[in-house]
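Below is one structure, written out as structure tokens, with a few remarks after it.
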Number of protein chains: 2
Amino acid sequence: MTPPARMPSRAVTDISDATLQRFAGYRMKRAFNVIRDDLHLVLKPFDLRMLTYTALVLIVDNPGLRQAQLADAMDVERPNVVVIVDELEQRGLIVRDPAPNDRRAYALNPTPAGEHLCATALTAVERHEERLMAGIDAETRAAMFAGLEAIRRGSDRRVK
Amino acid sequence: MTPPARMPSRAVTDISDATLQRFAGYRMKRAFNVIRDDLHLVLKPFDLRMLTYTALVLIVDNPGLRQAQLADAMDVERPNVVVIVDELEQRGLIVRDPAPNDRRAYALNPTPAGEHLCATALTAVERHEERLMAGIDAETRAAMFAGLEAIRRGSDRRVK
DNA sequence: TTATATTAGTTATACTATATAATTAAATGA
DNA sequence: TCATTTAATTATATAGTATAACTAATATAA
């Protein structure tokens with residue numbers, strides 16, 4: 001009698017992820033893990049997270065936008081944007097002004113402190129970006145951006 | 001006196017994310033959101049999530065690997081792999097065999113049911129991949145993969 | 001105008017993902 | 001032997017994501 005086939009007598013040494021490597025989603029997740037971890041460290045001195053940083057940039061670049069617009073721009077659900085805006089407001093980086101012509105809504109605006117922190121953080125994020133992209137030539141970067149944009153815009157090719 | 005500059009009298013219509021578009025991380029997050037949402041729907045019929053699917057594929061492709069190796073291959077912390085392996089084991093898709101030469105460790109092996117589900121799900125994920133990548137030519141795909149791999153491998157360029 | 005439906009923001013909630021510290025048992029190695 | 005390390009686990013905390021339900025206000029339609 002042979003021993004059970006699925007109980008090998010020797011330990012596995014080299015783990016292969018060849019099957020998963022065929023998928024863009026897997027590769028993106030892995031690359032994004034690297035970016036997320038690095039960005040986390042880069043933003044920590046400013047007490048910002050990826051989401052609060054993103055929201056701050058969008059508010060600085062689009063003063064007066066509403067929370068629903070921010071949620072849409074960030075691709076997060078509206079309830080989740082509330083806590084992000086809360087945090088930025090409590091830190092005095094933005095204010096919830098009354099929106100013109102609609103007493104339900106807020107016009108989100110940066111404070112001078114918010115604008116300043118945004119600019120400082122932006123510089124740090126630019127350095128982070130250049131560090132992570134350092135080994136990648138311009139054509140590859142452009143192709144990468146084009147591919148990512150095609151996936152993002154290909155919402156009509158999604159399931160259902 | 002002029003009115004306060006940061007309280008515009010008109011609502012903002014077009015939201016610009018031009019600043020963020022300059023960053024690969026932002027573009028990857030947005031593209032990955034699309035992939036994640038689609039993959040979520042694709043895996044739902046199999047009662048798999050991205051993480052359980054990934055683990056199952058790795059166990060099928062590397063029978064006998066240990067949990068620490070799986071954690072390393074998946075880039076998740078070891079405590080978090082426990083619940084993933086628990087779930088796959090409770091569903092009868094994998095087994096925790098004793099590891100050869102080390103009574104502390106497990107050799108993770110797929111069951112026939114696990115191998116079958118893995119193959120079926122893989123086919124669905126391949127269709128999902130081709131759907132999302134449909135508009136992207138081969139050269140762009142290759143450049144994208146190269147760029148993602150360069151970021152992933154550029155761990156030495158990380159902060160600290 | 002009144003009635004109905006929709007929208008903005010919020011609250012509550014749940015589930016998933018991720019991370020760290022501490023524990024147990026077993027292996028390693030001085 | 002004794003100290004150290006490692007594998008898996010438990011407990012726990014934080015963050016990200018999603019849905020339902022609520023309120024107040026606006027828009028629509030009879």
Side-chain angles (χ1 to χ4, degrees), chain A residues 11-12 15 25 29-30 32-41 43-44 47-55 64-90 94-108, chain B residues 11-12 15 25 28-30 32-41 43-44 47-55 59 64-90 94-108:
Chain A
V12 184
I15 306 304
K29 172 108 169 70
R30 299 306 295 264
F32 186 70
N33 280 353
V34 172
I35 296 181
R36 174 182 35 74
D37 291 351
D38 193 85
L39 187 62
H40 183 72
L41 294 172
L43 291 178
K44 180 166 270 180
D47 208 357
L48 289 169
R49 286 166 293 127
M50 193 168 55
L51 287 172
T52 53
Y53 166 74
T54 303
L65 90 168
R66 298 159 167 225
Q67 287 188 197
Q69 291 176 307
L70 180 60
D72 190 58
M74 289 181 68
D75 199 15
V76 303
E77 298 298 321
R78 266 155 302 177
N80 297 327
V81 103
V82 173
V83 297
I84 294 169
V85 169
D86 280 350
E87 183 176 330
L88 293 174
E89 189 183 39
Q90 280 157 24
I94 66 159
V95 289
R96 278 192 247 231
D97 289 323
N101 309 328
D102 193 336
R103 284 180 298 164
R104 295 170 300 180
Y106 297 121
L108 303 178
Chain B
V12 183
I15 306 303
M28 279 182 47
K29 173 108 169 68
R30 299 306 296 263
F32 186 69
N33 279 353
V34 172
I35 295 180
R36 175 180 37 73
D37 291 351
D38 194 83
L39 188 62
H40 182 73
L41 294 172
L43 291 179
K44 181 164 269 180
D47 208 357
L48 290 169
R49 285 167 292 127
M50 193 168 53
L51 287 172
T52 53
Y53 166 74
T54 302
I59 293 167
L65 91 168
R66 296 158 168 227
Q67 286 187 198
Q69 291 176 307
L70 180 60
D72 189 59
M74 289 182 67
D75 198 17
V76 303
E77 298 300 320
R78 267 156 301 177
N80 298 326
V81 102
V82 173
V83 296
I84 294 170
V85 170
D86 280 350
E87 182 177 332
L88 293 174
E89 190 183 39
Q90 280 157 24
I94 67 160
V95 289
R96 279 191 246 231
D97 288 324
N101 309 326
D102 194 336
R103 283 180 298 164
R104 297 171 301 180
Y106 297 121
L108 303 177

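Computed from a predicted model, the values in this text were never measured in an experiment. Chain letters run A, B, ... following the sequence lines, proteins first, then strands; residues in each count from 1.
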Contact pattern, 5' to 3', of nucleotides 14-19 of chain C - B, S or - by protein heavy atom under 4.0 Å: --SSBB

I need the CG-P distance between A:Asn101 and D:dT26, as an integer number of Å. 9 Å

Begin with the C-alpha distance, continue with both residues' side-chain angles, and end with the deciding distance and a verdict on side chain to side chain contact (heavy atoms under 4.5 Å, CB included) for B:Ile84 and B:Met74. CA-CA 11 Å; B:Ile84 294 170; B:Met74 289 182 67; 4.2 Å; yes

Show your reasoning for whether side chain to side chain contact (heavy atoms under 4.5 Å, CB included) applies to A:Gln90 and A:Asp86. CA-CA 6 Å; A:Gln90 280 157 24; A:Asp86 280 350; 4.0 Å; yes

D:dG16 P sits how many Å from B:Phe32 CZ, rounded? 15 Å

B:Arg49 and B:Leu43, any side-chain heavy atoms less than 4.5 Å apart: no

Go through the steps to decide whether B:Leu65 and B:Ile59 satisfy the test side chain to side chain contact (heavy atoms under 4.5 Å, CB included), and finish with yes or no. CA-CA 7 Å; B:Leu65 91 168; B:Ile59 293 167; 3.8 Å; yes

Yes or no on side chain to side chain contact (heavy atoms under 4.5 Å, CB included) for B:His40 and B:Asp37, after CA distance, side-chain angles and deciding distance? CA-CA 5 Å; B:His40 182 73; B:Asp37 291 351; 5.6 Å; no

Count the heavy atoms of every other residue, nucleotide or ligand shown that sit under 6.0 Å from CZ of B:Arg36, and state whether that count exceeds 12. yes

Separation of A:Asp86 atom CG from D:dA15 atom P, in whole Å? 14 Å

Spacing between A:Leu48 atom CG and D:dA15 atom C1', to the nearest angstrom: 15 Å

Can you tell me how far CG of B:Leu70 sits from OG1 of B:Thr54, rounded to the nearest 0.5 angstrom? 9.5 Å

Salt bridge flag under 4.0 Å for residues A:Arg66 and A:Asp102: yes

Give each protein N/O atom lying under 3.5 Å from an N/O atom of nucleotides 5-9 of chain C, with the pair distance.
| residue | atom | partner | partner atom | Å |
| --- | --- | --- | --- | --- |
| C:dT7 | O2 | A:Arg104 | NH1 | 2.3 |
| C:dG9 | OP1 | A:Gln67 | N | 3.2 |
| C:dG9 | OP1 | A:Tyr106 | N | 3.2 |
| C:dG9 | OP2 | A:Gln67 | N | 3.4 |
| C:dG9 | OP2 | A:Ala68 | N | 2.6 |

To the nearest angstrom, how far is A:His40 atom NE2 from D:dT14 atom C1'? 10 Å

C:dA25 phosphate, OP1 or OP2: any side-chain N/O from B:Arg103 under 4.0 angstrom? no

